[in-house]
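The chains referred to below are lettered A, B, ... by the order of the sequence lines, with proteins before strands, and numbering in each begins at 1. Source: prediction; values computed, not measured. Only this structure's heavy atoms are used, side chains among them; waters, hydrogens and symmetry mates stay out.
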2 protein chains.
Amino acid sequence: MAQDRPPSNRSTTQRAAVLRAVESVHTHPNAEEVYRLVRKNMPNISLATVYRNLHLLADEGKLREVQFLGDVLRYDAMTDPHEHFYCRACHRVWDLDSSLPETVLRATERKTHGSIERYALDYYGLCSHCRKSTTSRD
Amino acid sequence: MAQDRPPSNRSTTQRAAVLRAVESVHTHPNAEEVYRLVRKNMPNISLATVYRNLHLLADEGKLREVQFLGDVLRYDAMTDPHEHFYCRACHRVWDLDSSLPETVLRATERKTHGSIERYALDYYGLCSHCRKSTTSRD
DNA sequence: TTCCTTGCAAATCGTTTGCAAGCGC
DNA sequence: GCGCTTGCAAACGATTTGCAAGGAA
């Protein structure tokens with residue numbers, strides 16, 4: 001049976017620019033925001049190219065896809081395990097250190113009889129800034 | 001200044017049917033699946049009504065919205081805090097007991113200076129069934 | 001009677017895809 | 001030169017919206 005090799009990803013200026021754009025901010029940008037960032041230096045790049053490269057870079061493990069309730073996919077250049085706080089008012093995201101003990105992961109793996117490849121631990125609430133300036137019902 | 005009261009939600013047969021549909025399954029259905037379920041007994045309900053009532057019931061706290069990476073919003077009738085295992089191959093979801101100690105929640109709250117209203121702890125991997133029948137690269 | 005709710009259809013949003021031309025290796 | 005990659009525009013799937021008629025309180 002034929003060994004179908006995966007396509008070897010070439011390095012293009014667009015791909016590098018997309019990666020650099022995500023790495024340059026700590027806002028966990030979505031595709032549209034990455035598009036805006038990249039266009040500053042590369043005005044002809046298309047949105048489709050941004051989408052394609054974001055997926056590809058995530059597959060390669062150079063970026064991490066994250067998503068919060070009711071929001072679109074966002075991208076994170078911090079690929080080491082960590083957690084997030086998402087403000088439901090301003091939609092900003094804060095990175096938090098990993099707090100989930102390895103023992104909890106293993107226990108869950110035993111309970112599910114599945115293999116855990118990654119996890120997402122997302123906290124939702126109001127950030128300190130929005131807590132002051134927003135009514136609690138948003 | 002005028003106190004604008006929120007609309008008082010009326011009870012309609014459609015709304016009750018949507019809630020019952022989600023409660024009747026443990027598959028964490030999305031809007032389309034709820035629509036299919038409800039139409040069995042109520043063939044004229046519209047998809048828009050299903051969407052509107054799912055949101056409304058979630059606002060009321062009678063349903064919980066959940067979402068996994070690359071998937072659409074789903075609904076869960078289990079509103080008590082618990083966690084999920086999501087199989088990336090068959091997209092089935094398993095409920096897991098809450099494993100996050102209260103102490104971790106409080107510590108995070110202190111770190112973020114925000115108020116944590118809820119959290120989502122989602123594990124991703126292959127379930128025991130898909131682990132056997134699927135190649136690891138999916 | 002009030003005004004929330006529905007069904008329908010159209011609109012919108014985020015994302016993906018087909019295709020011909022371009023470019024990395 | 002081969003074949004991955006791009007820009008463009010069209011297509012797509014999921015969800016939301018405007019509106020007039022219907023129904024709960």
* Is the backbone of B/T27 close enough, under 3.5 Å, to the side chain of B/R74 for a donor and an acceptor to pair up by distance? -> yes

* **NZ/NE/NH1/NH2 to OD/OE distance under 4.0 Å, A/R88 and B/E117** => yes

* **B/E109: partners by salt bridge (charged side-chain N to carboxylate O under 4.0 Å, His left out), with sequence neighbours left out** => B/R106

* Between B/Q14 and C/dG7, is there a side-chain N or O to OP1/OP2 distance below 4.0 Å? -> yes

* Residues that, via side-chain heavy atoms closer than 4.5 angstrom, fall in one hydrophobic cluster with B/L56 -> none

* Between the first and last five pairs of the helix from C/dT1-D/dA25 to C/dC25-D/dG1, the angle of the axes, rounded to 10 degrees -> 40°

* **Phosphate OP1/OP2 of D/dT15 contacted by B/Y51 side-chain N/O (<4.0 Å)** => yes

* Asked: Hey, does the side chain of A/H55 come within less than 4.0 Å of C/dT16's phosphate (OP1/OP2), counting only N and O?
  -> yes

Which atom pairs, donor and acceptor, lie under 3.5 Å between side-chain atoms of residues 12-22 of chain A and protein residues at least two apart or in another chain?
residue : atom : partner : partner atom : Å
A/T12   : OG1  : A/R15   : N            : 3.0
A/R15   : NE   : A/N53   : OD1          : 2.5
A/R15   : NH1  : A/R10   : O            : 2.7
A/R15   : NH2  : A/N53   : OD1          : 3.1

* **Integer-rounded Å distance: D/dA14 P and B/H91 NE2** => 13 Å

* Asked: Which parts of nucleotides 17-25 of chain D does protein reach within less than 4.0 Å, heavy atoms only, written one letter per nucleotide 5' to 3' as B for base, S for sugar-phosphate only and - for none?
  -> BB----BBS

* Asked: To the nearest Å, how far apart are A/L56 CG and D/dC4 P?
  -> 12 Å

* Asked: Which residues satisfy the salt bridge (charged side-chain N to carboxylate O under 4.0 Å, His left out) test with B/R36, sequence neighbours excluded?
  -> none

* Asked: Excluding sequence neighbours, so at least two apart, what forms ring pair (Phe, Tyr, Trp, His ring centres under 6.0 Å) with A/H82?
  -> A/H84

* With respect to the phosphate group of C/dT6, does any side-chain polar atom (N or O) of B/R15 fall under 4.0 Å of OP1 or OP2? -> yes

* Structure fact -> Cluster membership besides A/L121, Ile/Leu/Val/Met/Phe/Trp/Tyr side chains within less than 4.5 angstrom, sorted by chain and number, is A/F85, A/W94, A/L96, A/L100, A/V104, A/L105, A/I116, A/Y119, A/Y123, B/F85, B/W94, B/L96, B/L100, B/V104, B/L105, B/I116, B/Y119, B/L121, B/Y123

* What are the residues of residues 21-45 of chain A, sorted by number, that bring a heavy atom to within less than 4.0 Å of DNA chain C? -> none

* For B/D95, check salt bridge (charged side-chain N to carboxylate O under 4.0 Å, His left out) against everything at least two apart and list the hits. => none

* To do: Specify the residues of residues 65-75 of chain B, ordered by number, for which at least one heavy atom lies under 4.0 angstrom from an atom of DNA chain C.
  => none

* Asked: Listed by chain and number, what are the salt bridge (charged side-chain N to carboxylate O under 4.0 Å, His left out) partners of B/E60, not counting sequence neighbours?
  -> B/K62

